[in-house]
Amino acid sequence: MNNFTFCIPTDIRFGKGQIACLAAELEKYGKRILMVYGGGSIKKSGLYDEVYSVLKDFEIEELPGIEPNPKLSSVEKGATLCRKKNIDMILAVGGGSVIDVSKHISCAACYDGPAWDLMMDRSKVKKALPVAVVLTISATGSEMNSGAVITNEDTKEKLEINTPLLYPVISVCDPSYLYTLPPKQTAAGAVDTLSHVMEQYFQPNDEAYITDALSEAVMKTVIRYAKKAMDEPENYEARSNLMWASTVALNHLLTVGKGGAWSVHPIEHVVSAYYDLTHAVGLSILTPTWMKYVLSDVTEKRIAGFAREVFGVKEADDRKAAEKGIEKVEGFLHSLGMPSTFSEVGIDDSMFDTMASEAIRTSGLSERAYVHLNKDDVKKIFMMCK
Ligand code: NZQ
Ligand code: ZN
């Protein structure tokens, strides 16, 4: 196993009714809150009113309307608001998009210059306002990690800022808030979770047995409960298992002892930056294709192990088991109604060349990924997804 450090300062409050703790916890940071939320789901579900009732003694400013694939302009708007209103802390009520904007605002508000500077040079992040989270979708793991993915609309770059100052101080994870999630968002969240685990599972170091075994358990959890949660939105067992799976999938636990760059995410981020595609839709299209592309004499053993442990494939021959595993991944994605080609989502090949260059330029794909990929490789993967 590689050396590692493991320190997650986020206080997780998991389960029904945990929002009740917020007032006492947030008081530690002051009285003036910037509440960040999305396009209205929290008003429909009643969570908006619940937050106000729990935080009745606080002064709350609002930044509503955060869009999926959140934009830099939202970050700038929030940072200006924080400075103008002398905000003490940020409360993100929503999913990955809302949380990521809140994290980027938290450091941009303490920085004298354009927020994108911090994305380009993390060493400029010296200070950040505390961010608290009320999670409403199980997907990104942003509630317990230090990353934030933001799109610069002008340059068409979708990049991640990641620094320990961006860990949320507290995250309320109440599975009953997921009951209102439509099946499509439930599926998207499950696919993103599965992909996060796979990105870490398929990395150069394969001696971290314990990490891989934990990863297999998380992947099996997603496969077991995703469809159930879509069919039975108020199934607490399914919602709670998926919620914790998505948090654990990307809180660094499943990467300890391993190391390397991710493979599918950096390719997908370029696609969603250019086409504003739902993150997990891009992952669904790219993941099986990437697996087929990297399957070789070198990788077949590991992919076969994945197939046997995660999908129960019974096949002694490694190559055949690996191929069956890829079919199982495709079958799982299909069962959730996810698309498998770019043409299904209206993407043609006109930007493949540009996007392939961008994927290489903005990631460690060519030097540190499980299988090193150059621009031509990425372009070929795009072509296979047509
Ligand atoms: O905006 P509202 O009206 O709230 O609706 C949202 C949104 O349309 C809806 N939704 C959320 N909770 C709901 C609900 N609808 C009904 N009931 C609820 N309880 O779901 C839609 C999607 O929300 P969003 O926050 O965009 O989803 P997600 O959590 O999947 O976040 C996706 C973003 O996170 C980035 C992605 O690239 C994408 O921009 N990622 C962030 C990561 C991180 N910070 O660690 C890692 C990921 O790999 C990912 O890149
Ligand atoms: Zn993701």
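Computed from a prediction, not measured in an experiment: that's the story for all the values here. First listed ligand is number 1; within each ligand, the first listed atom is number 1.
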Peer 1: Would you check ligand 1 and list the protein residues that come within less than 4.0 Å of it by any heavy atom, ordered by chain and number?
Peer 2: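 Within 4.0 Å of ligand 1, protein side: Gly38, Gly39, Gly40, Ser41, Pro68, Asn69, Pro70, Gly95, Gly96, Ser97, Asp100, Thr136, Ile137, Ala139, Thr140, Ser142, Asn145, Gly147, Val149, Lys158, Tyr177, Thr180, Leu181, Pro182, Gln185, Asp192, His196, Leu250, His265, His269, His279.
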Peer 1: Provide the full list of ring pair (Phe, Tyr, Trp, His ring centres under 6.0 Å) pairs with a residue in residues 47-101, sequence neighbours left out, each pair given once.
Peer 2: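 Sorted pair list: Tyr37-Tyr48, Tyr48-Tyr52.
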Peer 1: Using the ring of each side chain (for Trp, its six-membered ring), is Tyr236 parallel, tilted or perpendicular to Tyr179, with breaks at 30° and 60°?
Peer 2: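 Geometry flag for Tyr179 against Tyr236: perpendicular rings.
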Peer 1: Near the Zn ion (ligand 2), which protein N/O/S atoms are found at less than 2.8 Å?
Peer 2: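 Less than 2.8 Å away from the Zn ion (ligand 2) sit Asp192 OD1, His196 NE2, His265 NE2, His279 NE2.
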Peer 1: Can you say whether the rings of Phe306 and Phe311 are parallel (under 30°), tilted (30 to 60°) or perpendicular (over 60°)?
Peer 2: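 Correct class here is perpendicular.
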Peer 1: Taking the six-membered ring for Trp, are His104 and Trp116 parallel (under 30°), tilted (30 to 60°) or perpendicular (over 60°)?
Peer 2: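 Tilted, since the angle between the ring planes falls between 30° and 60°.
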Peer 1: Which class fits the ring pair Phe14 and Trp244: parallel under 30°, tilted 30 to 60°, perpendicular over 60°?
Peer 2: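 Rings of Phe14 and Trp244: perpendicular, as their planes differ by over 60°.
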Peer 1: Members other than Trp262 in its cluster, when Ile, Leu, Val, Met, Phe, Trp, Tyr link by side-chain heavy atoms under 4.5 Å?
Peer 2: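 For the cluster that includes Trp262, the remaining residues are Leu250.
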Peer 1: For the residue pair Tyr167 and His252, does the interplanar ring angle fall in the parallel (under 30°), tilted (30 to 60°) or perpendicular (over 60°) class?
Peer 2: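 Correct class here is perpendicular.
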Peer 1: Taking 4.0 angstrom as the limit, do Arg13 and Asp11 come out as a salt bridge?
Peer 2: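 So Arg13 pairs with Asp11 through a salt bridge.
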Peer 1: Under a 4.0 Å threshold between the charged nitrogen and the carboxylate oxygen, would Glu330 count as salt-bridged to Lys292?
Peer 2: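 A salt bridge is present here (some side-chain N lies under 4.0 Å from a carboxylate O).
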